[in-house]
Amino acid sequence: MRGRRPWAYRRFVYQLIDPVQSMTSSLLISSGTLVSSAGLRRADILIEGEHIAEVRDAASGARSPTPGDRVLDASGLLVFPGLIDVHTHLRQPGGEHKEDFYTGTCAALAGGVTTVLVMPNTSPPLVDGATFNHAMRLAEQNAVCDFGLFLGATQTNASVKSQDASLRECGLKLYMGSSTGDLLVEDFAAQYAHFERYPRDRVIAVHAEHEPAVRYFAGRGLRRPPICAEIEVSRAVAMAAQCNRRLHVCHVSTRREVEIIAAAKARGVPVTCEFTPHHLFLSRQRCQDRQRRAAALDLPPACFEMNPPLRDQEDVEALWAHLHVADCIATDHAPHTLEEKRSANPPMGVPGLETMLPLLLTAVHEGKLRLEDIARLCCEGPARIYKIAGKGTIAPGFDADLTLVDPSAEWVIGDVPLFTKCNWTPFAGWPVRGAVQRVLVRGRRVFDAGRVTVERGFGRPARN
Ligand code: DOR
Ligand code: ZN
Ligand code: ZN
């Protein structure tokens with residue numbers, strides 16, 4: 001973390017009194033309501049270059065700026081640290097007809113997300129130095145927000161990291177159960193090899209569904225019932241405990257998984273977990289209800305299908321009741337084209353980058369969680385889990401990644417054009433309250449009033 005610079009305060013005052021200084025790259029975001037897990041405060045943020053230089057409580061009486069200062073009046077707006085989404089599928093390389101680094105990161109900015117961690121189940125998958133570094137170059141050339149890429153685990157590449165320490169992956173993704181793509185590590189020995197060999201200080205993120213159970217139930221006409229996730233989360237926790245490795249459980253969707261993870265945490269196992277917006281806001285029952293409405297919007301049933309699948313209302317309520325067990329909320333943004341979703345054998349997954357924050361803000365309005373929880377789950381938590389340097393918090397020395405939200409704007413999802421290439425959302429037709437108005441990444445205005453205002457390739461690898 002960059003330290004606080006001693007001249008920051010002097011610079012802050014100087015900025016306000018000398019209009020000539022306004023020609024530098026300083027920017028003052030004034031009178032916004034800053035959101036953190038600790039609470040809300042009205043404050044001014046001074047940005048110098050790419051970083052936050054100073055945060056001053058509005059109550060401490062900042063001078064009013066002189067004409068010519070670069071000032072952004074944020075009164076009436078909420079100011080979040082730029083959101084960090086630790087689970088996205090941006091499909092490049094090989095799936096560019098569904099999404100690419102440019103369209104996916106444009107969708108991120110529209111959703112107030114300033115850093116994305118991207119999954120390796122591409123074609124080819126990112127499983128060695130050559131495939132990984134190629135994807136890294138594509139991201140550097142095309143992304144408009146900051147990013148990290150996961151390395152994919154295979155049956156045979158448990159030594160990939162020890163053989164190539166120069167890889168700059170944000171973590172290892174281990175598909176313990178099958179999903180889109182062919183990254184599957186099903187048997188114990190191959191799974192355990194990864195837990196034994198991946199560096200202790202880095203995160204192994206798992207898709208935990210027990211493949212033999214998935215197959216068994218599929219043969220009986222049942223799609224991935226909760227027991228599939230329960231079995232594999234237990235196995236993952238046992239391996240992480242045995243090998244003392246950092247485990248992150250992706251898309252927790254059932255009460256039993258929550259109980260297993262909470263118990264593991266209580267006995268000191270280094271485990272974290274994420275909940276997704278679709279498992280929080282949709283259920284099997286609710287989905288049917290939505291489908292009726294969505295019929296008007298012409299969405300096929302597969303637009304509500306993903307791995308792990310939507311659960312019964314009882315599990316959904318358990319997730320809401322145990323939000324404190326979640327370390328973050330992540331979208332599992334998994335775009336597929338409508339044509340693919342209408343096909344006989346549709347791929348699993350739904351997009352989510354543009355809808356997570358509006359849905360959560362609406363839930364705040366409905367009293368289901370607090371603004372502070374959004375900061376914990378979408379900003380601070382993700383940065384903590386993946387040790388992302390300089391992000392997730394509004395404080396001097398941090399990157400000036402900020403998401404400005406109009407909390408009272410009312411709109412309907414689907415009425416505003418989407419940036420995701422797949423161009424549909426399972427939340428079409430949902431009335432929401434709260435809209436992303438402006439987004440900054442490293443001090444640069446990158447999204448403003450519905451438009452992306454930065455060039456392709458602005459995004460940089462996040463440091464972790
Ligand atoms: O529904 C899903 N879609 N679950 C996954 O695990 C993968 C994802 C995808 O890549 O399409
Ligand atoms: Zn998954
Ligand atoms: Zn996923």
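Order of appearance sets the numbers: ligands from 1, and atoms from 1 within every ligand. Only a predicted model underlies this, so the values are computations on that prediction, with no experimental measurement involved.
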Which is the closest N/O/S atom of Asp332 when seen from the Zn ion (ligand 3)?
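Looking at Asp332, the N, O or S atom with the least distance to the Zn ion (ligand 3) is OD1.
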
Below 4.5 Å, heavy atoms only, C-beta onward: do Val436 and Phe447 meet side chain to side chain?
yes

Using 2.8 Å as the threshold, say whether any N, O or S atom from His207 sits that close to the Zn ion (ligand 2).
yes

Measuring to the Zn ion (ligand 2), does His87 have an N/O/S atom at a distance below 2.8 Å?
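Under 2.8 Å: His87 has no N, O or S contact with the Zn ion (ligand 2).
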
Backbone or side chain, does any N or O of Tyr175 fall under 3.5 Å from an N or O of ligand 1?
no

Any N/O pair Met348/ligand 1 closer than 3.5 Å
yes

Check against side-chain contact (heavy atoms from CB on, under 4.5 Å), Leu338 and Cys303
CA-CA 8 Å; Leu338 266 181; Cys303 286; 3.7 Å; yes

Ligand 1 atoms in contact with [X] (distance to a heavy atom under 4.0 Å):
{"X": "Asn121", "result": "9 (C), 10 (O)"}
{"X": "Ala334", "result": "3 (N), 8 (C), 9 (C), 11 (O)"}
{"X": "His336", "result": "11 (O)"}
{"X": "Met306", "result": "1 (O)"}
{"X": "His207", "result": "6 (O)"}

Using a strict 4.0 Å threshold on nitrogen-to-oxygen distance, state whether Glu305 and Arg224 make a salt bridge.
no

Salt bridge check: are Asp146 and Arg460 linked by an N-O gap of less than 4.0 Å?
no

With respect to Cys378, which candidate in Leu360, Leu357, Asp85 satisfies the side chain to side chain contact (heavy atoms under 4.5 Å, CB included) definition?
Leu360

Report the residue from Thr88, Leu418, Val350, Thr420 that forms a side chain to side chain contact (heavy atoms under 4.5 Å, CB included) with Pro335.
Thr420

Any side-chain to backbone donor/acceptor pair from Glu354 onto Phe419? Under 3.5 Å, distance only.
yes

Kindly state whether the ring of Tyr386 and the ring of His248 have centres lying under 6.0 angstrom apart.
yes

Side chain or backbone of Arg91 under 4.0 Å from ligand 1, or both, or neither, by non-hydrogen atoms?
side chain

Could you see which bit of Met119 sits under 4.0 Å from ligand 1, with heavy atoms only: side chain, backbone, both or neither?
neither

Please list the nearest protein heavy atom to atom 9 (C) of ligand 1 with its residue and the distance rounded to 0.1 Å.
Thr180 OG1, 3.1 Å

Residue, atom name and distance, where the atom is the protein heavy atom closest to atom 1 (O) of ligand 1:
Asn307 N, 2.8 Å

To the nearest 0.5 angstrom, please state how far the CZ atom of Phe427 sits from the NE2 atom of His278.
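Spacing of CZ (Phe427) from NE2 (His278) equals 8.0 Å.
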
Looking only at non-hydrogen atoms, which of Gly349, Pro347, Ser179 approaches atom 5 (C) of ligand 1 most closely?
Ser179

When you measure from the centre of the six-membered ring of Phe195, is the NZ or CZ of Arg245 closer than 6.0 Å and no more than 45° off the axis?
no

